[in-house]
Colleague: 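One structure coming up, written as structure tokens, with questions to follow.
Order of the sequence lines fixes the chain letters, A, B, ..., with proteins taken first and strands second; residue numbering starts at 1 for each chain.
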Protein chains: 2
Amino acid sequence: MIRVLLAEDQAMVRGALSALLNLESDIEVLGSAADGEAAWRELQRLQPDVLVTDIEMPGLTGLELAQRIQRHELPMKVVIVTTFARPGFLRRALDAGVSGYLLKDAPAENLAEALRTVHRGGRAIDPQLALEAWSDADPLNDRERQVLRLAGEGQSAGDIAAQLNLSHGTVRNYLSEAIGKLGVANRIEAYRLARQKGWL
Amino acid sequence: MIRVLLAEDQAMVRGALSALLNLESDIEVLGSAADGEAAWRELQRLQPDVLVTDIEMPGLTGLELAQRIQRHELPMKVVIVTTFARPGFLRRALDAGVSGYLLKDAPAENLAEALRTVHRGGRAIDPQLALEAWSDADPLNDRERQVLRLAGEGQSAGDIAAQLNLSHGTVRNYLSEAIGKLGVANRIEAYRLARQKGWL
DNA sequence: CGCCGCGGGTGACGGCTGTCATGGCCGGTG
DNA sequence: CACCGGCCATGACAGCCGTCACCCGCGGCG
């Protein structure tokens with residue numbers, strides 16, 4: 001029997017996935033959580049074999065949750081189930097020691113199968129995403145990421161400078177470098193590209 | 001027996017919702033489709049009582065699908081199930097004659113209950129969203145929407161002008177008006193706000 | 001008819017952006 | 001020690017952005 005905890009913020013999807021997994025005779029859904037912090041509490045209480053988690057959740061993300069499990073050396077596997085086919089996300093997930101990374105685009109049957117594979121000690125990584133993950137690395141450094149994130153919210157160089165205690169010229173230099181590294185024409189495109197790649 | 005067709009692009013969610021609905025003894029899932037065009041074909045073949053559809057799908061969106069059903073006066077109810085709590089979306093959905101509009105944030109049990117309500121001839125609209133929908137209307141006109149959409153992709157006034165056969169000054173005027181109407185500081189914030197409200 | 005409102009355009013102004021060259025200040029490393 | 005590379009700053013310049021006042025042409029409408 002594979003004992004599973006489910007973390008997913010959208011209640012309807014959470015309920016539906018739970019129904020789906022409970023159809024399998026060798027899988028038992030112990031419980032579910034609507035955000036990262038709740039999942040962290042439930043996980044210690046229920047001691048599941050496998051945690052199935054989304055990435056984008058309020059408070060603590062699925063990636064941060066996986067990191068925390070790794071740091072505390074808790075004896076359970078983690079499987080990420082997400083909408084986002086972003087190489088950067090998979091990369092961070094693998095760094096956090098997860099055993100599975102599936103896309104919600106994948107057929108529903110894959111999920112139960114992936115849980116069995118992982119429970120046996122194997123890995124279940126979306127194959128085409130695995131290729132991309134190591135192909136192009138994040139070229140941005142911390143400052144560039146930081147500045148780009150704020151620029152993407154519509155803030156001007158001056159606003160950003162004030163927030164980070166930098167000069168407004170320096171902020172523009174960082175933005176210029178990020179734009180150059182990403183090979184795009186302006187901050188908006190740079191933000192979109194970096195976001196899509198999972199680098200923010 | 002309520003005969004249902006399911007349209008949802010994410011395979012895993014589609015399978016999970018299908019499993020969820022099939023647990024109900026008075027509901028039968030006739031089939032499912034991964035995009036709007038496929039749903040349109042299946043819907044004519046299977047003649048379901050209710051179509052349950054997502055909004056964001058490749059090709060034809062759920063909103064466009066609902067409009068098409070309305071135009072052809074097909075004898076079926078439509079229930080939208082979506083991630084997006086955007087007043088503008090609900091508004092357009094109601095204009096397209098849908099009977100239900102649920103958020104994926106809502107508890108899973110709501111879905112079956114909503115289907116029963118709708119099948120009985122009632123409406124199932126997310127209550128707090130219904131309030132917002134009529135509170136603030138979209139202040140943008142067609143041109144402003146068009147220009148803002150392109151600006152949000154990182155295109156310059158010149159690029160946009162070329163695409164729409166306008167002068168580059170006119171594009172800037174439209175952007176300026178949109179920024180003013182939305183009460184924000186620049187095109188990036190204008191785009192984000194309009195998008196969040198469901199006006200794009 | 002005159003008069004509006006609306007879609008589109010022009011030109012000018014100040015401020016912001018993106019680029020580049022240059023320089024100072026560390027903290028390694030040979 | 002000298003040297004380099006990362007980090008931060010400055011200043012200059014061209015070009016783009018956001019705003020405003022004003023213009024034209026056209027369809028409706030009293």
Side-chain angles (χ1 to χ4, degrees), chain A residues 87-88 91-92 95 134 136-200, chain B residues 88 91-92 95 136-200:
Chain A
R91 200 145 169 178
R92 271 186 268 165
D95 287 344
W134 302 99
D136 50 3
D138 180 356
L140 305 175
N141 63 34
D142 288 348
R143 281 306 205 186
E144 287 156 5
R145 250 192 304 280
Q146 225 177 126
V147 165
L148 199 51
R149 213 185 328 251
L150 295 172
E153 291 171 14
Q155 301 200 43
S156 72
D159 297 341
I160 298 172
Q163 243 167 100
L164 301 182
N165 292 116
L166 293 177
S167 98
H168 99 125
T170 301
V171 170
R172 281 160 58 208
N173 284 149
Y174 285 141
L175 280 171
S176 184
E177 278 177 43
I179 290 166
K181 284 181 180 178
L182 299 181
V184 295
N186 57 49
R187 58 180 68 191
I188 308 182
E189 289 180 6
Y191 176 78
R192 291 172 73 94
L193 178 58
R195 190 152 184 87
Q196 173 209 325
K197 290 282 191 176
W199 294 335
L200 293 187
Chain B
R91 202 147 169 176
R92 271 186 267 165
D95 286 345
D136 50 4
D138 181 355
L140 304 175
N141 63 35
D142 288 349
R143 281 306 205 186
E144 287 156 6
R145 250 192 303 280
Q146 225 176 126
V147 165
L148 200 51
R149 214 185 327 251
L150 295 173
E153 291 170 14
Q155 302 201 41
S156 71
D159 297 341
I160 299 172
Q163 242 166 102
L164 302 182
N165 292 116
L166 292 177
S167 98
H168 99 125
T170 301
V171 169
R172 281 160 59 209
N173 283 335
Y174 285 140
L175 279 171
S176 184
E177 278 177 42
I179 290 166
K181 284 182 179 177
L182 299 181
V184 294
N186 56 49
R187 57 180 66 191
I188 307 182
E189 289 181 7
Y191 177 77
R192 291 172 73 94
L193 178 59
R195 192 154 181 85
Q196 174 207 325
K197 291 280 191 178
W199 293 335
L200 293 187

Colleague: What is the distance from CD of A/Glu144 to P of D/dC8, rounded to the nearest Å?
Modeller: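 Answer to the nearest Å: 11 Å.
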
Colleague: Taking 4.0 angstrom as the limit, do A/Asp95 and A/Arg92 come out as a salt bridge?
Modeller: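 No.
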
Colleague: According to a strict under-4.0 Å criterion, is A/Arg143 in side-chain N/O contact with OP1 or OP2 of D/dC8?
Modeller: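 It does, given that an N or O in the side chain of A/Arg143 lies less than 4.0 Å from OP1 or OP2 of D/dC8.
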
Colleague: Contact class for B/Ser156 vs. all strands (heavy atom < 4.0 Å): base, sugar-phosphate, or nothing?
Modeller: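 Sugar-phosphate: the residue B/Ser156, judged by heavy atoms under 4.0 Å, touches backbone atoms but no base.
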
Colleague: Does OP1 or OP2 of C/dT10 have a side-chain N or O of B/Ser167 closer than 4.0 Å?
Modeller: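 Yes, B/Ser167 has a side-chain N/O under 4.0 Å of OP1/OP2 on C/dT10.
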
Colleague: Rounded to whole angstroms, how far apart are CG on A/Asp159 and P on C/dG15?
Modeller: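 The answer, rounded to whole Å, is 16 Å.
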
Colleague: Rounded to whole Å, how long is the line connecting atom CG of B/Asp142 with atom P of C/dC6?
Modeller: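 Taking atom P of C/dC6 as the reference, CG of B/Asp142 is at 14 Å.
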
Colleague: Round to the nearest Å and state the distance from B/Ile160 atom CD1 to C/dG9 atom P.
Modeller: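 To the nearest whole Å, that distance equals 14 Å.
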
Colleague: State whether B/Tyr174 places a side-chain N or O below 4.0 Å from either non-bridging phosphate oxygen (OP1 or OP2) of D/dG18.
Modeller: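 Checking B/Tyr174 against D/dG18: no side-chain N or O falls below 4.0 Å of OP1 or OP2.
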
Colleague: Expressed as a whole number of angstroms, how long is the span from B/Arg172:CZ to C/dG14:C1'?
Modeller: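 The answer, rounded to whole Å, is 12 Å.
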
Colleague: Take atom CD of A/Glu177 and atom C1' of C/dA21, then tell me their distance rounded to the nearest Å.
Modeller: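 Taking atom C1' of C/dA21 as the reference, CD of A/Glu177 is at 14 Å.
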
Colleague: Using side-chain contact (heavy atoms from CB on, under 4.5 Å), reason through B/Leu148 and B/Leu140 one step at a time and then give a plain yes or no.
Modeller: CA-CA 10 Å; B/Leu148 200 51; B/Leu140 304 175; 4.1 Å; yes

Colleague: Quick one: is D/dC20 close enough that its OP1 or OP2 comes under 4.0 Å of any side-chain N or O from B/Asn173?
Modeller: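 No.
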
Colleague: Near DNA chain C, counting only heavy atoms under 4.0 Å, which residues of residues 179-192 of chain B show up?
Modeller: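 DNA chain C contact set from residues 179-192 of chain B: none.
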
Colleague: Where is the tightest heavy-atom contact between B/Arg187 and B/Gln155, given as atom of each residue plus distance?
Modeller: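 Here B/Arg187 and B/Gln155 meet closest at NH1-O, 3.6 Å.
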
Colleague: From CD of B/Gln155 over to C1' of D/dC17, roughly how many Å is that when rounded to an integer?
Modeller: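 In whole Å, D/dC17 C1' lies 16 Å from B/Gln155 CD.
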
Colleague: Does the distance from a Lys or Arg side-chain N to an Asp or Glu carboxylate O, for A/Arg145 and A/Asp138, drop under 4.0 Å?
Modeller: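 Salt bridge between A/Arg145 and A/Asp138, a charged N being under 4.0 Å from a carboxylate O: yes.
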
Colleague: Looking only at the side chain of B/Leu175 (C-beta and beyond, no hydrogens), which of the listed nucleotides C/dT17, C/dT19, D/dG18 gets closest?
Modeller: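 Of all the options, the side chain of B/Leu175 is nearest to D/dG18.
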
Colleague: Figure out the CG/C1' separation between A/Leu148 and C/dG18, and round it to whole Å.
Modeller: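 Value for this atom pair: 14 Å.
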
